[in-house]
Amino acid sequence: MDNAAVAAVFAEMGDLLAIVGGDAHRARAFRNTARVVEGLRAPLKDMALLGQLTSVPGLGAGSIERIHQILQTGTCPEHQRLIARLPRGLQALLQVRGLGPRHARLAWEHLGVASVEQLELAARSGLLARVPGIGPLTVERVLRDLDGRREAPPARLLLSEALVVGDAIVGWMLDDPHTIKAEQTGSARRRRETVGDLDVLVASTKPLASSARFTAFPGIREVLLAGDGRASVILDSGVQADLRLVSAENWGAGQHYFTGSKAHNIAMRIRANAHKLALSEMGIWERKLRGRGRGEENRKIARRLSPCTDELDVFATLGLPFIPPELREGDGEIEAALAGRLPALVEDHDLVGEPHLRARTATDALSIAHALHRQGRRWAIWVRPAIDVAVDDARRRFRRDARRIGAVTGVRILCGVEVAIDLEGALVDGAGVTLSAQVLAAMGADVDVVIGDATLPDGVVLDRISATARLLSAIGSGRLHGLSRVRGRRLPHRPAGVDVDLRTVLLACARQRVFVEVSGEPDRLDLDAPGCRLATETGALLALSARPADDGLLGRGRFALWQARRGWVTAAATLNALPLAHLLAHLRLPPPDPLADDDEAGDDDDNGGTSDDDADDPLFLPHRRLELMTRLSAFLRGEPDPELQGVLLKRGDNALLSAFAILSGLGDNSADDSADDSADDEG
DNA sequence: GCCGTTTTCGGCCCGACTGTTTTCAGTCG
């Protein structure tokens with residue numbers, strides 16, 4: 001049994017106990033245990049064997065004993081007792097919105113309802129509404145939820161999608177005169193890779209009017225509730241959106257509360273509690289009364305320590321440093337903050353390189369390199385498929401283009417080649433042909449970086465051991481510098497991806513100095529955040545990759561960055577943060593040599609990119625060649641040069657393209673490396 | 001069942017909204 005299966009047993013015990021009406025605290029403790037077990041980063045059976053479970057916060061003697069029983073038999077006596085008392089299908093009723101454990105028990109006791117199908121039957125027949133304690137409005141709500149599921153099953157949005165919709169709602173609220181501030185919070189602010197609900201926080205001068213404004217957002221299927229403190233709606237897409245209203249004075253408290261996660265909030269409130277304080281979205285108050293729903297009463301007699309206008313106030317009042325939203329998962333971040341062990345998370349300004357620039361043509365690579373330069377990147381690995389650079393000539397052109405783009409943009413371009421990995425772990429080209437040692441050696445001599453793409457062919461399933469052995473074999477070949485798409489995940493439907501022994505794979509990567517890519521593609525984000533955290537523990541370097549490509553989505557870099565931050569990654573664990581000299585050393589390449597580019601240029605047997613037509617313009621006279629190169633470079637970097645621009649426009653309608661064509665010596669009409677290869681190649 | 005700035009007992013996060021049990025409990029985030 002794996003961790004998830006053990007967690008499921010505890011979750012079921014918690015649900016069934018709640019339905020039975022047992023001790024609510026005990027039920028919550030079981031659910032909490034399920035959450036703790038699910039969040040463990042090592043296999044439970046290993047930890048049990050090594051006696052490591054006693055040191056896990058949240059696991060007591062009772063849970064540990066049950067874990068041993070469940071690992072051996074798949075169940076435990078308490079679990080057996082509960083499923084003997086209640087039909088197991090009852091647990092599924094809790095998934096119905098508006099139906100909690102109490103109503104589930106009533107439906108079962110009075111009508112024998114034990115499944116969602118039976119619940120629907122009871123609701124439609126009118127029987128459910130006659131159960132004491134269940135009214136017609138509850139029945140209506142249950143039916144609405146069931147109908148809604150049929151129309152559009154509950155969807156999880158990709159983070160990229162959630163940010164777009166969230167921005168639209170925030171914009172809609174900011175257009176309202178009563179809005180002082182508005183921001184998307186919740187799991188989108190924590191940069192979770194997928195988002196279930198959209199959460200928007202608004203500071204308002206007139207809460208009820210703001211609530212009405214929110215429920216008038218275009219594209220709402222259903223309004224669940226609308227008060228002066230909050231409102232909830234279901235969008236046409238089936239996604240729920242929640243509005244939370246606070247005063248401007250309580251902005252920071254509201255921001256902290258509504259960013260979550262739930263587990264983090266509970267841990268923070270328990271900490272407040274220990275200091276005789278009550279933390280909520282109303283700020284931090286002295287705690288005078290105990291019991292459920294006493295907050296308002298409490299606030300009448302208690303003293304407010306801080307309204308928490310800024311989120312920092314929340315942490316400071318509880319004696320904590322600021323905890324970045326990406327870390328707020330209730331996964332040890334508060335303990336780490338208290339111990340001063342909070343990691344200095346990698347930031348955008350730490351990143352000086354882009355490890356995976358994808359472009360088929362030099363023109364595309366050039367424009368991407370410019371954009372990277374504007375983002376502060378000083379090196380990039382231009383990665384091309386093995387099949388594109390299979391022949392020697394192609395690799396020479398590749399290298400030459402890379403050097404020229406580097407000279408023009410100020411971004412050092414390393415030549416990378418991407419190879420696939422077959423089922424046995426051998427390196428193959430895109431067509432599945434094994435790359436012989438000879439070919440790999442020739443390739444290795446010509447390109448700087450070889451990256452193995454771990455993606456499995458569609459439909460192929462490997463067991464954990466085979467999948468791990470496959471990657472270890474590829475890493476052990478000594479030919480790889482990097483490994484990408486380790487898990488082959490696809491979001492939102494296959495978040496787990498291939499089952500591999502990630503710790504072993506990452507340890508091998510650390511030993512062989514193979515960096516591991518974190519892809520910024522919003523539907524991959526491979527490695528996942530726990531994988532990133534494991535990488536920092538094993539010492540494997542992570543390459544945060546925007547994979548800027550023909551579709552030009554440089555912004556994807558932030559997705560990789562966020563993912564790494566969620567994995568507690570520091571700049572020290574990041575390949576992108578290495579200055580060029582350190583990167584070259586890491587890759588065992590010679591140090592940067594500024595003269596190398598000139599030598600290379602001299603080898604070219606062309607005329608410096610000028611054509612016969614150029615003789616018409618004095619700029620193209622041989623003695624002005626250096627000046628021309630300098631001005632072209634500056635122009636390509638974005639500096640205005642009207643005279644040069646006029647000359648360039650005489651050669652074609654795209655001045656930038658012409659400038660690059662001259663600089664790279666590719667001729668008049670095209671910088672596309674496929675068009676002019678024969679004419680241009682090495683004279 | 002877990003835990004300790006309340007430490008081997010006694011408490012367990014907080015507040016809003018809603019529905020139905022006319023004073024509070026259930027559900028949710």
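Proteins come first, then strands; the chains are lettered A, B, ... in the order of their sequence lines, and each starts at number 1. Note that the coordinates shown come from a computational prediction; the quantities given were computed from them, not determined experimentally.
The side chain of A/Arg28 lies closest to B/dC12 when the candidates are B/dG15, B/dC12, B/dG1. Proximity note for A/Arg269 (side chain, C-beta onward) versus B/dG29, B/dC13, B/dG1: the nearest is B/dC13. With B/dG1, B/dC17, B/dC13 as the candidates, the nucleotide lying closest to the side chain of A/Leu225 is B/dC17. Of the candidates B/dG29, B/dG15, B/dG1, the closest approach to any side-chain atom of A/Glu281 belongs to B/dG15. For A/Arg102, counting side-chain heavy atoms from C-beta on, the closest listed nucleotide (B/dG29, B/dC14, B/dG26) is B/dG26.
For A/Arg31 and A/Asp15, the salt-bridge test passes: some basic side-chain N is under 4.0 Å from an acidic carboxylate O. Taking a cutoff of 4.0 Å between a charged side-chain nitrogen and a carboxylate oxygen, A/Arg533 and A/Glu329 do not qualify as a salt bridge. A salt bridge links A/Asp147 and A/Arg124; the closest N-O separation between the charged side-chain nitrogens and carboxylate oxygens is under 4.0 Å. At a threshold of 4.0 Å, the pair A/Glu78-A/Arg26 counts as salt-bridged, since one of the basic side-chain nitrogens sits closer than that to a carboxylate oxygen.
With sequence neighbours excluded, the residues forming a ring-ring contact (aromatic ring centres under 6.0 Å, His included) with A/Trp172 are A/Phe217, listed by chain and number. Residues forming a ring-ring contact (aromatic ring centres under 6.0 Å, His included) with A/His264 (at least two apart in sequence, or on another chain): A/His256.
With A/Leu94 as reference, A/Ile19 is the one residue of A/Leu99, A/Ile19, A/Leu16 to meet the side-chain contact (heavy atoms from CB on, under 4.5 Å) rule.
Formation of a donor-acceptor pair under 3.5 Å by the A/Arg156 side chain with backbone atoms of A/Pro492 is not found in this model. In this structure, the side chain of A/Ser211 engages the main chain of A/Gly227 through a donor-acceptor pair within 3.5 Å.
When rounded to the nearest whole Å, the span between CZ of A/Arg230 and C1' of B/dT27 equals 11 Å. Straight-line distance from the CZ atom of A/Arg31 to the P atom of B/dT27: 11 Å, rounded to whole Å. One atom, CG of A/Asp15, and another, C1' of B/dT27, lie 14 Å apart when rounded to the nearest Å. Whole-Å rounding puts the A/Ile270 CD1 to B/dC14 P distance at 9 Å. The nearest whole Å value for the distance from the NZ atom in A/Lys262 to the P atom in B/dC14 is 13 Å. In this entry the distance linking CG of A/Asn32 with C1' of B/dC12 reads 11 Å, nearest Å. Put simply, CG on A/Asp228 is 5 Å from P on B/dC17, counting in whole angstrom units. The separation between A/Ile266 atom CD1 and B/dC14 atom C1' is 9 Å, rounded to whole Å.
Judged by closest nucleotide on DNA chain B, A/Phe30 is the one of A/Asn265 and A/Phe30 placed further toward the 5' end. In this structure, A/Gly227 and A/Thr33 both approach DNA chain B, and ranking their closest nucleotides by distance from the 5' end singles out A/Thr33.
The nucleotide B/dC14 finds its pairing partner in B/dG29, both defining distances of the Watson-Crick or G-U wobble pair being shorter than 3.5 Å.
Among the protein residues, A/Arg66 comes within range of the sugar-phosphate backbone only, with heavy atoms under 4.0 Å from sugar or phosphate atoms but none that close to a base. Looking at heavy-atom distances under 4.0 Å, A/Tyr257 makes contact with a base. No engagement by A/Glu65 is indicated, since no non-hydrogen atom pair under 4.0 Å with the nucleic acid exists. Residue A/Gly58 is in sugar-phosphate contact alone, with no base atom involved, counting any heavy-atom pair closer than 4.0 Å across all strands shown.
Only the P atoms considered, B/dC24 is 22 Å distant from B/dC13, to the nearest whole Å. With P as the reference atom, B/dC12 and B/dT5 are 15 Å apart, rounded to whole Å. Rounded to whole Å, the separation between the P atoms of B/dG15 and B/dT20 comes to 26 Å. Separation of the C1' atoms belonging to B/dT21 and B/dG26 is 11 Å when rounded to the nearest angstrom. Spacing of P atoms, B/dC14 relative to B/dT8, comes out at 23 Å, to the nearest Å. To the nearest whole angstrom, the two P atoms, one in B/dC17 and one in B/dG11, are 30 Å apart. Look at the C1' atom in both B/dT18 and B/dT23: the space between them is 15 Å, to the nearest Å.
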Which pairs, protein N/O on one side and nucleotides 20-22 of chain B N/O on the other, fall under 3.5 Å?
{"unit_1": "B/dT20", "atom_1": "OP1", "unit_2": "A/Gly135", "atom_2": "N", "d": "2.5"}
{"unit_1": "B/dT20", "atom_1": "OP1", "unit_2": "A/Gly135", "atom_2": "O", "d": "3.0"}
{"unit_1": "B/dT20", "atom_1": "OP1", "unit_2": "A/Pro136", "atom_2": "N", "d": "3.3"}

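Remark: A/Gln240 is in phosphate contact with B/dG29, judged by side-chain N or O atoms under 4.0 Å from OP1 or OP2.
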